[in-house]
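Below you'll find the structure, written out as structure tokens, and then a few comments.
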Amino acid sequence: MKRMAAPIELHDQEPTDDDFLADIVSGLRNEQKTTPSKYLYDRRGSQLFDQICELPEYYPTRTEIAIMRRYAGEMAELCGPDRLLFEYGSGSSTKTPILLDALEGPAAYAPIDISREHLINAAAAIADRYPTLNVMPICADFTVPFDLPEFALPDARHIVYFPGSTVGNFTLAKAADCLKSIAQLCDYDGGVLIGVDLIKDPAILRAAYNDAQGVTAAFNLNLLRRINRELGSDFNLDAFRHLAVFNTKGSRMEMRLESLADQTVALNGDRIHFAKGETIHTENSHKYSFESFRQIAATAGLSVQKVWTDPDRLFSVQ
């Protein structure tokens, strides 16, 4: 007989509508209009990203999963037994079971994600799969300070699992800040297991972010739909198109939304003008060498102990 999973309690620190509005208004008033990439992940955006992860052009997910399956035992040995496992940007937690199956007696699992409904569903699925595991989801924006609930696990050492190369979405300075906050959470005897996308042929990158089925375009444009729905704006989605370009100097892919005409959009009682060809910069995805990421980690007080990669060195788990 299957043991029933214990009920899970959501620790809800979801950003408010006021936060969303302030961030969007601030970004669209810049000379180069921007929006924080975290707002791409509402319910629909999270579903679209799950579809992106299964596209033939999108190498990161399947490559990282292959690395995890091959080396999970080594990763678990370095992590150690009886750990409290935090997962930053957990999404659908599709890679998590590979690690949980390899870990020796994990003390608890705390997924952290900004997309509330997606988080609840993913946490419930993990709790059902591991009925003896204490699952404690935290809905929060981990790019800024957030409160940790009382876990009542004073002796459990902390491991942060940060898959999917989400660290690449940050500027280099903000990546270092995020890693510093993670290092503080881990304390002196914890550790971080992180997915890091590697520098590669730009043609592979352009294909990955401009898929033939147009799912990435729908994911990017969904941000405008969310702004309309939640903030009462009047973006015409047909008047914008998805762009994804490789910035050679910055070693990053950049996602943008390009205005197809001169137009004005209403937002919070204000009028925001777009010239034809003007863009909103919606996301970065930095690509690292082993050495450049080692340097970023070092600024956060972290040292790289081990790097696992695929035969083609497309991706790494560190």
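Any value given below was found using the heavy atoms of this structure, including those in side chains, with hydrogens, waters and symmetry copies removed. Computed from a predicted model, the values in this text were never measured in an experiment.
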Taking atom CD as the centre, does Q295 end up with more than 12 heavy-atom neighbours from other residues, nucleotides or ligands that are less than 6.0 angstrom away?
yes
Atom pair CD (Q13) and CD1 (I138), whose distance is rounded to the nearest 0.5 Å:
7.0 Å
Flag, side chain of R157 to backbone of G191, donor-acceptor distance under 3.5 Å:
no
With a 4.5 Å limit on heavy-atom distance, are the side chains of L231 and N268 in contact?
no
dist S289:OG -> L198:CG (nearest 0.5 Å) comes out at 8.5 Å
A quick test of your reading: do over 12 heavy atoms of other residues, nucleotides or ligands sit less than 6.0 Å from CD of E230?
yes
Grouping I, L, V, M, F, W and Y whenever their side-chain heavy atoms are under 4.5 Å apart, do L119 and V135 come out in a common cluster?
no
Do the side chain of T171 and the main chain of K174 share a donor and acceptor less than 3.5 angstrom apart?
yes
Between D211 and G214 (side chain of the first, backbone of the second, donor and acceptor by atom type, cut-off under 3.5 Å), is there such a pair?
yes
In terms of hydrophobic clusters joined by side-chain contacts under 4.5 Å, are I272 and F20 together?
yes
Output, in order, the C-alpha distance, side-chain angles, deciding distance and verdict of side-chain contact (heavy atoms from CB on, under 4.5 Å) for L172 and Y288.
CA-CA 10 Å; L172 300 184; Y288 288 96; 3.5 Å; yes
With rounding to the nearest 0.5 Å, note down the distance linking CD1 in I98 to CG in L103.
12.0 Å
Would you say the rings of F274 and F240 are close, in the sense that their centroids are separated by under 6.0 Å?
yes
Provide the closest heavy-atom pair for S251 versus I199 in the form atom of the first, atom of the second, distance.
OG-CG1, 3.5 Å
Smallest heavy-atom separation, L179 atom then A297 atom, equals CD1-CA, 4.1 Å
Is there a donor in the side chain of D310 and an acceptor in the side chain of T63, or the other way round, less than 3.5 Å apart?
no
Can you check whether T279's main-chain N or O pairs, donor with acceptor, with Q32's side chain at less than 3.5 Å?
yes
Pair T282-H242, side-chain contact (heavy atoms from CB on, under 4.5 Å): steps then yes or no:
CA-CA 10 Å; T282 57; H242 163 74; over 6 Å; no
Starting from the C-alpha separation in whole Å, work towards a yes-or-no answer on side-chain hydrogen bond (donor to acceptor under 3.5 Å, both in side chains) for T216 and Y58.
CA-CA 10 Å; T216 310; Y58 194 76; over 6 Å; no
Note, S316 side chain near F293 side chain (heavy atom, < 4.5 Å):
no
Under 3.5 Å, side-chain donor or acceptor atoms of residues 141-149 against the rest of the protein: list the pairs with distances, not counting sequence neighbours.
residue: D141; atom: OD1; partner: T143; partner atom: N; Å: 3.0
residue: D141; atom: OD1; partner: T143; partner atom: OG1; Å: 2.5
residue: D141; atom: OD2; partner: K38; partner atom: NZ; Å: 2.4
residue: D141; atom: OD2; partner: T143; partner atom: OG1; Å: 3.1

Mind checking the CZ-CE spacing from R206 to M253? Nearest 0.5 Å is all I need.
7.0 Å
Rounding to 0.5 Å, atoms CZ (F246) and CG (N210) come to a distance of 13.5 Å
With under 30° as parallel and over 60° as perpendicular, where do the rings of F162 and F170 fit, or are they tilted in between?
tilted
Membership question, hydrophobic clusters at under 4.5 Å side-chain separation (ILVMFWY): are Y71 and I159 in the same one?
yes
Considering all heavy atoms of both residues, which atom of R294 and which atom of E291 are nearest to each other, and what is their separation?
NH2-OE2, 2.6 Å
Work out which heavy atom in V265 is nearest to a heavy atom in S233; give both atom names and the distance.
CG1-OG, 3.3 Å
Hey, mind stepping through D197 and K287 against salt bridge (charged side-chain N to carboxylate O under 4.0 Å, His left out) and telling me if it holds?
CA-CA 5 Å; D197 204 2; K287 311 304 171 185; 2.7 Å; yes
Under 4.5 Å between any side-chain heavy atoms of V317 and Y161, yes or no?
no
Let's go through F49 and S115 carefully: what are the C-alpha distance in whole Å and the side-chain angles of both, what is the deciding distance for side-chain contact (heavy atoms from CB on, under 4.5 Å) to 0.1 Å, and is it a yes or a no?
CA-CA 12 Å; F49 185 72; S115 182; over 6 Å; no
Measure across A266 and D234 and return the closest heavy-atom pair with its distance rounded to 0.1 Å.
N-OD1, 2.7 Å
Given the rule that I, L, V, M, F, W and Y join up when any side-chain heavy atoms are under 4.5 Å apart, are I280 and L243 in one cluster?
no
Nearest 0.5 Å, what's the CG-NE2 distance between L85 and H158?
10.5 Å
For a side-chain contact (heavy atoms from CB on, under 4.5 Å) check, start with the C-alpha distance between V25 and D270, then their side-chain angles and the critical distance, and finish with the verdict.
CA-CA 9 Å; V25 170; D270 199 2; 5.6 Å; no
Who pairs with E254 by side-chain hydrogen bond (donor to acceptor under 3.5 Å, both in side chains), at least two apart in sequence or on another chain?
N247, R252, R256
Does the side chain of Y130 pick up a donor-acceptor pair with the side chain of D101 at under 3.5 Å?
yes
Give me the atom names and distance for the closest heavy-atom approach of A107 to N134.
O-CB, 4.3 Å
Side-chain contact, heavy-atom cut-off 4.5 Å: H118 with Y41?
no
State, yes or no, whether a side-chain contact exists between V167 and C178 at a heavy-atom distance under 4.5 Å.
no
Hey, are the side chains of Q51 and F219 touching, using non-hydrogen atoms and a 4.5 Å cut-off?
no
Any side-chain heavy atom of N169 within less than 4.5 Å of one from S285?
yes
M75 with F290, same ILVMFWY side-chain cluster at under 4.5 Å:
no
For the pair R129 (side chain) and P97 (backbone), establish whether a donor and an acceptor sit closer than 3.5 Å, ignoring hydrogens and angles.
no
Using only atom types and a distance under 3.5 Å, with no angle test, would you say the side chain of H273 pairs donor to acceptor with the backbone of Q263?
yes
Using distance only, find each side-chain donor-acceptor pair of residues 299-309 under 3.5 Å and give its atom names and separation, not counting sequence neighbours.
residue: T299; atom: OG1; partner: I296; partner atom: O; Å: 2.6
residue: W308; atom: NE1; partner: E74; partner atom: OE1; Å: 2.8
residue: T309; atom: OG1; partner: F315; partner atom: O; Å: 2.5

Does some side-chain heavy atom of R225 sit less than 4.5 Å from a side-chain heavy atom of D42?
no
Please say whether more than 12 non-hydrogen atoms of neighbouring residues, nucleotides or ligands are located less than 6.0 Å from CZ in R229.
yes
Among R70, K95, R69, exactly one meets salt bridge (Lys or Arg N to Asp or Glu O under 4.0 Å) together with E64. Which residue is that?
K95
